Amino acid sequence: MNIATWNVNSLSVRLPQVLDWLAANPTDVLALQELKLTDDKFPVAAFKEAGYQAHWFGQKTYNGVALISRTEGVDLVKNIPGFEDEMSRVIAATYGDLRVIGAYFPNGQAPDSDKFAYKMRWLDALRDWVKDEMTRHPNLVLMGDYNITFDELDMWDPVGLKDTIHCTVEEREKLQALTDLGLTDSFRLFEQPEKSYSWWDYREFGFRRNRGLRIDHILITPALKDRATACVIDRAPRKNERPSDHAPVVLTLGD
DNA sequence: ATGTCACTCGCGGAGTGA
């Protein structure tokens, strides 16, 4: 089965691309981030017509997340329980014995900003909740736009971008707190092309020059690690006429 | 190059966020 995550940077704009991509890449569960639309504007009919179910958690202008799936999910959770948040960033559901959490992590703006402090608090709350979820769900996927790189391999310019947003020690410590729960970065389980990134700035011909970051991740529990057979970043949609700045990341699981 | 894109408010284009 295929599990995927994609920050679409406005689902209204990118819906045709998402439907095209699903038609070409049959996917069991696709997590979307940055819907940038309210719940009443979610294109549920278009997904239904394409043979997909959906759960969504929208917000005006900013954020917004969804899970698109072949079968309907149960035990739906929106945002991090117990963590007060005005922003729609997390959606979780269970498909068979698979627990899926889709998340749009805070950007953080700059290391000395209020938004960075919020990012740190949010990451602490996420860790505590995911730890709890893992006690109930041995087969768990935590995927989305993390807005954090793991290391220099995930950066097009490790020297110039050292300690900048998405690449600070503080953010990486919080990311490690997630992997310390026993979660694995599925992308690095497999041999990957050099300079693999999942996001490229729209400016400065970032994609064409492959000046990107790998900030979209699929983390998995040990039971799923045993089933993982591939994880790839699909750069094809980034070559579309009006692309998202992110590319989808796809994990393949065997039985 | 402060370089692009998507959104809001509200009807032109500045302001915000990424």
Side-chain angles (χ1 to χ4, degrees), chain A residues 5-21 30-43 46 56-66 68 79 85-91 102-123 126 143-150 154-157 159-168 170-172 174-175 197-217 233-249:
Chain A
T5 178
W6 191 5
N7 179 325
V8 291
N9 184 19
S10 169
L11 184 57
S12 304
V13 173
R14 235 65 70 185
L15 179 62
Q17 292 184 39
V18 174
L19 294 172
D20 285 351
W21 188 83
L30 169 63
L32 300 176
Q33 300 90 40
E34 280 206 85
L35 307 182
K36 294 187 174 179
L37 45 73
T38 47
D39 282 342
D40 57 302
K41 300 270 188 358
F42 186 87
W56 60 96
F57 183 30
Q59 184 185 326
K60 189 179 177 183
T61 313
Y62 307 117
N63 311 308
V65 287
I68 313 299
N79 268 353
D85 198 346
E86 291 173 5
M87 307 190 201
S88 304
R89 296 190 173 279
V90 178
I91 188 163
Y104 176 46
F105 290 45
N107 177 288
Q109 200 169 54
D112 59 352
S113 67
D114 290 346
K115 286 175 181 154
F116 190 87
Y118 161 73
K119 183 176 194 171
M120 296 293 103
R121 289 194 298 113
W122 187 94
L123 284 160
L126 179 75
M143 62 179 165
D145 176 359
Y146 281 60
N147 273 315
I148 307 175
T149 54
F150 276 94
D154 297 343
M155 307 159 69
W156 71 272
D157 180 9
V159 175
L161 295 174
K162 187 173 158 55
D163 297 328
T164 61
I165 194 66
H166 313 313
C167 307
T168 65
E170 292 93 328
E171 291 165 283
R172 287 176 179 170
K174 300 298 185 190
L175 182 51
Y197 310 121
S198 65
W199 170 87
W200 303 259
D201 201 302
Y202 282 122
R203 294 168 289 190
E204 303 177 270
F205 304 104
F207 181 69
R208 210 159 77 187
R209 299 154 93 174
N210 197 28
R211 295 185 167 188
L213 298 174
R214 190 175 71 98
I215 53 176
D216 300 86
H217 306 298
I233 296 171
D234 184 358
R235 295 162 57 100
R238 194 60 173 76
K239 298 168 185 167
N240 286 338
E241 199 166 320
R242 265 180 96 184
S244 166
D245 42 355
H246 294 254
V249 185

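Worth saying up front: this structure is predicted, and the values here are computed from it rather than measured. To find a chain, count down the sequence lines: A is the first, B the second, and so on, and within it residues start at 1.
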Parallel, tilted or perpendicular: ring planes of H217(A) versus F150(A), cut at 30 and 60 degrees: perpendicular
Using 30° and 60° as the class limits, which term best fits the ring planes of F207(A) and W200(A): parallel, tilted or perpendicular? perpendicular
Okay, side chain of S113(A), backbone of G108(A): is any donor-acceptor separation there less than 3.5 Å? yes
Nucleotide-resolved protein contact map, nucleotides 1-6 of chain B, B/S/- at heavy-atom distance under 4.0 Å: --BBSS
Could you give the distance separating dA18(B) and dA1(B) at their P atoms, to the nearest angstrom? 27 Å
Please report the distance separating the P of dA14(B) from the corresponding atom of dG3(B), rounded so that it comes out in whole Å. 14 Å
Search all heavy atoms of A66(A) against all heavy atoms of W56(A) and return the closest pair with its distance. CB-CB, 3.9 Å
Rounded to the nearest Å, what distance is computed from the CD atom of residue Q33(A) to the C1' atom of nucleotide dC7(B)? 18 Å
Separation of W200(A) atom CH2 from dA18(B) atom C1', in whole Å? 16 Å
At a cut-off of 3.5 Å, list every protein nitrogen or oxygen paired with a nitrogen or oxygen from nucleotides 9-13 of chain B, distance to 0.1 Å.
| residue | atom | partner | partner atom | Å |
| --- | --- | --- | --- | --- |
| dC9(B) | OP1 | K60(A) | NZ | 3.3 |

Between E171(A) and K119(A), does any side-chain N to carboxylate O distance fall below 4.0 Å? yes
Please state how far atom CZ in F116(A) lies from atom C1' in dA18(B), giving the value in whole angstrom units. 16 Å
Nearest-Å distance once atom C1' is located in both dG12(B) and dC7(B): 15 Å
Inter-nucleotide P distance (dA6(B), dG10(B)), Å rounded: 23 Å
Is the side chain of S88(A) donor-acceptor paired with the backbone N or O of N63(A) at a distance under 3.5 Å, no angle test? no
Test item: side-chain donor near acceptor, T149(A) and R172(A), under 3.5 Å: yes
Is Y104(A) touching bases, backbone alone, or none of the nucleic acid, heavy atoms closer than 4.0 Å? sugar-phosphate
Between C1' of dA18(B) and NZ of K119(A), the distance in whole Å: 11 Å
Using whole Å, report how far CE of M87(A) lies from C1' of dG17(B). 10 Å
Any chance the side chains of Q33(A) and D145(A) put a donor and an acceptor closer than 3.5 Å? no
Could you state the CD-P distance from Q109(A) to dA18(B), rounded to the nearest angstrom? 6 Å
Do L161(A) and W156(A) come within less than 4.5 Å of each other through their side chains, counting heavy atoms only? yes
